[in-house]
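Single-structure report; data block below.
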Amino acid sequence: MLIDSHCHLDFSALAEDRSGVLSRMAANGVGGGVTICVRIGEFDRIRAIAEAHDNIWCSLGTHPEHAGDEPDVPVEEIVRLTEHPKCVAIGEAGLDYHFPDSAAPEVQAAVFRRHIAAARITGLPLVIHARDADDDVAAILEEETEKGAFPFLLHCFSSGPDLAHRALALGGYISFSGIVTFKNARDIQKVAAEVPADRILVETDSPYLAPVPHRGKSNEPSYVVHTAEKLADLRGVSFEEIALTTTRNFARLFSKTGLKT
């Protein structure tokens with residue numbers, strides 16, 4: 001069994017055929033997934049999807065691109081909302097310097113740190129978005145860990161080896177998406193081959209970043225199989241082993257799911 005640790009079932013590309021998406025998950029041995037929140041103000045919609053399906057869970061958070069829309073959500077409010085039984089993670093939150101019209105770096109950082117504080121209080125894993133901001137993400141993780149450890153996951157890893165090494169040294173996990181199947185992703189493939197077996201997860205980040213052989217099409221959770229196949233090849237293990245390893249890691253990190261492996 002595989003688990004898609006990061007998808008967006010509320011986005012229109014998946015919402016328009018959600019029953020088909022879930023059926024194809026089951027048919028391809030994908031036993032569940034986490035539908036990720038990008039705006040705290042939209043949590044009711046995200047939560048409703050998780051409530052409707054036993055094998056779907058959700059997160060709560062503000063994506064860095066939306067940090068300017070939700071700059072002041074108190075830590076206490078994040079903690080309160082995550083008490084919902086189907087909410088198993090905080091985020092996605094982090095830093096994204098790719099688009100010039102995103103929130104200012106200091107606003108993103110402040111929102112990121114509030115999510116970290118909530119993860120520290122709740123013990124729920126923080127799902128981290130990092131894009132073109134490796135040094136600042138690593139520095140904040142190191143600074144905040146000095147205040148007290150918290151569980152976290154670098155999702156859809158597309159950064160350099162330095163961030164990977166620094167995150168792993170802090171006890172973090174790393175999740176790989178369809179990017180790892182792309183021919184020009186050699187640096188990411190190298191990181192994927194070297195991540196310790198007890199720290200690696202898989203995801204789609206669907207409806208984005210469909211893996212080969214579906215590249216360029218809308219992505220969906222069932223396609224996580226192709227990412228797992230590529231990881232198995234890169235690491236020199238069987239598909240069955242990577243499926244078992246990543247699902248066990250998911251169950252450990254996202255312990256609130258109660259998933260047994």
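Computed from a prediction, not measured in an experiment: that's the story for all the values here. Side-chain atoms are counted along with the backbone in the values below, which use heavy atoms only and exclude waters and symmetry mates.
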Determine whether more than 12 heavy atoms belonging to other residues, nucleotides or ligands lie under 6.0 Å from atom CZ of Arg252.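 Yes - once you tally the heavy atoms of other residues, nucleotides and ligands closer than 6.0 Å, there are more than 12.
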
More than 12 heavy atoms of other residues, nucleotides or ligands under 6.0 Å from CG of Asp69: is that the case?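 Yes, the 6.0 Å shell around CG holds more than 12 heavy atoms from other groups.
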
Taking all non-hydrogen atoms of both residues, which atom of [X] and which atom of [Y] are closest, and how far apart?
X      : Y      : value
Asp4   : Glu203 : OD1-CA, 3.2 Å
Ile188 : Ser159 : CG1-O, 4.4 Å
Leu60  : Ile78  : CD2-O, 3.5 Å
Leu2   : Thr246 : CD2-OG1, 3.8 Å
Leu253 : Pro151 : CD1-CB, 4.0 Å
Ile140 : Ala109 : CD1-CB, 4.0 Å

With hydrophobic residues grouped by side-chain heavy-atom distances under 4.5 Å, do [X] and [Y] end up in a single group?
X      : Y      : result
Ile3   : Val180 : no
Ile116 : Val111 : no
Val191 : Leu209 : yes
Leu126 : Ile36  : no
Val34  : Val202 : no

For the residue pair Glu220 and His214, confirm or rule out a side-chain donor-acceptor distance under 3.5 Å.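 Per modelled atom types, Glu220 and His214 side chains form no pair under 3.5 Å.
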
Any donor and acceptor pair, going by atom type alone, linking the side chain of [X] with main-chain N or O of [Y] inside 3.5 Å?
X      : Y      : answer
Asn28  : Val30  : no
Arg215 : Phe182 : no
Ser102 : Glu65  : no
Lys86  : Ile56  : yes
His66  : Thr62  : no
Thr247 : Leu244 : no
Asn55  : Gly31  : yes
Thr181 : Val212 : yes

With a 4.5 Å limit on heavy-atom distance, are the side chains of [X] and [Y] in contact?
X      : Y      : answer
Pro105 : Tyr97  : yes
Phe176 : Val195 : yes
Asp134 : Asp162 : no
Val21  : Pro221 : yes
Thr204 : Cys7   : yes
Phe150 : Leu141 : yes
Cys87  : Phe43  : yes
His53  : Thr35  : no

Apply the side chain to side chain contact (heavy atoms under 4.5 Å, CB included) test between Ile174 and each candidate in Ile128, Asn249, Leu168; give the one that qualifies.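 Testing each of Ile128, Asn249, Leu168 against Ile174, the sole residue satisfying side chain to side chain contact (heavy atoms under 4.5 Å, CB included) is Leu168.
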
Measuring from [X]:[atom1] to [Y]:[atom2], what's the distance to the nearest 0.5 Å?
X      : Y      : atom1 : atom2 : result
His8   : Asn219 : NE2   : CG    : 10.5 Å
Glu76  : Leu81  : CD    : CG    : 12.0 Å
Thr82  : Glu77  : OG1   : CD    : 10.0 Å
Arg235 : Thr245 : CZ    : OG1   : 7.5 Å
His129 : Cys156 : NE2   : SG    : 8.0 Å
Ser59  : His155 : OG    : NE2   : 9.5 Å

Could [X] and [Y] be called an ion pair, given the rule that one side-chain N must be under 4.0 Å from one carboxylate O?
X      : Y      : answer
Arg47  : Asp44  : yes
Arg120 : Glu144 : yes
Arg39  : Glu70  : no

Pair Thr257, Phe250 - check side chain to side chain contact (heavy atoms under 4.5 Å, CB included), show working. CA-CA 9 Å; Thr257 64; Phe250 174 89; 4.0 Å; yes

Fit a plane to each ring of Phe11 and Tyr208, take the angle between them on a 0 to 90° scale, and name the class: parallel (under 30°), tilted (30 to 60°) or perpendicular (over 60°).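 Ring orientation, 0 to 90° scale: perpendicular.
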
